[in-house]
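Below: the structure, in structure tokens.
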Amino acid sequence: MKKLNTKMIALNAIIAAVYAAFTILLAPISYGSIQMRISEIMIFLAFYNKDYIPGLVLGCLIANIPSGLGAFDMVFGTFATLLAVIAMWKLDNKYLAALVGGLINGVIVGLELKFALGLPFIASAASVFAGEFAVLVIGAIIFTCVQKNETFIKYIKS
């Protein structure tokens with residue numbers, strides 16, 4: 001593991017701020033049983049460098065504060081993102097990582113919506129999965145294109 005330094009702390013703070021800002025600014029599509037968090041594309045940063053996991057998880061936690069589900073979303077939604085970024089880091093195929101991330105979020109957020117709002121689990125899990133998977137496939141495509149830029153990849157891996 002890399003030594004904790006000012007640069008990594010600053011990068012994680014920026015990642016957290018950008019994730020939270022995009023989620024909150026796009027609130028109508030970021031929360032609820034039908035959601036497409038565009039900010040979730042950022043979790044592919046963990047695919048390249050595990051050191052970005054704290055910023056991604058912190059950004060999700062901050063973004064979940066105004067979600068309307070309060071503590072439920074702060075705990076369960078953030079836990080789902082933690083598991084998804086760990087999957088991103090562990091898997092070596094972006095599209096498989098997108099599928100796993102979608103499944104993790106679908107199940108956990110689906111359960112959250114069932115317990116917090118009384119929504120049907122299967123329908124909630126399926127709709128959250130569909131939105132998350134769609135966003136993550138777009139993210140996989142974007143990062144596949146971007147990884148051709150050697151300077152960018154060198155920067156995010158360092």
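The model shown is predicted, which means the values in this text are computed figures rather than measured ones.
- For the pairing with Y48, the ring-ring contact (aromatic ring centres under 6.0 Å, His included) check across Y155, F152, F143, W89 returns one residue only, F143.
- Of the listed residues (I86, L136, L91), just one forms a side-chain contact (heavy atoms from CB on, under 4.5 Å) with V100, and that residue is L91.
- Once rounded to the nearest 0.5 Å, the distance linking CD1 of I24 with OH of Y31 reads 4.5 Å.
- A distance-only check finds no donor-acceptor pair linking the side chain of N105 to the backbone of E132 [under 3.5 Å].
- With contacts defined as side-chain heavy-atom distances shorter than 4.5 Å, the pair V18/I15 does not qualify.
- Residues L82 and I53 have side chains in contact (heavy-atom distance under 4.5 Å, counting atoms from C-beta outward).
- Under the 4.5 Å side-chain criterion, counting only non-hydrogen atoms from C-beta, I41 is in contact with I142.
- Looking at heavy atoms from C-beta onward, F72 lies out of side-chain contact with L111 at the 4.5 angstrom threshold.
- N64 places no side-chain N or O within 3.5 Å of a backbone atom of M74 that could act as its donor or acceptor partner.
- At least one donor-acceptor pair under 3.5 Å links the side chain of S127 to the backbone N or O of S124.
- The two residues A63 and R37 come nearest to each other via the heavy atoms CB-NH1, 4.5 Å.
- Taking OG1 from T6 and CG from L11, the interatomic distance works out to 11.0 Å, rounded to the nearest 0.5 Å.
- Between Q35 and I29, the closest side-chain pair of non-hydrogen atoms is not below 4.5 Å.
- By the 4.5 Å heavy-atom criterion applied to side chains, L56 and F44 are not counted as neighbours.
- With rounding to the nearest 0.5 Å, the separation of CD1 in I156 from CG in L45 is 6.0 Å.
- The shortest non-hydrogen separation linking S39 to F22 is CB-CB, 3.9 Å.
- Considering all non-hydrogen atoms of both residues, F121 and G110 come closest at CD1-C, 3.6 Å.
- Under the 3.5 Å distance criterion, the side-chain polar atoms of N12 are left unmatched by any main-chain donor or acceptor of L58.
- With contacts defined as side-chain heavy-atom distances shorter than 4.5 Å, the pair M8/P54 does not qualify.
- S30 and T23 form no side-chain donor-acceptor contact under 3.5 Å, judged by distance and modelled atom types alone.
- D51 approaches N49 most closely through the heavy-atom pair N-OD1, 2.9 Å.
- With contacts defined as side-chain heavy-atom distances shorter than 4.5 Å, the pair M42/V85 does not qualify.
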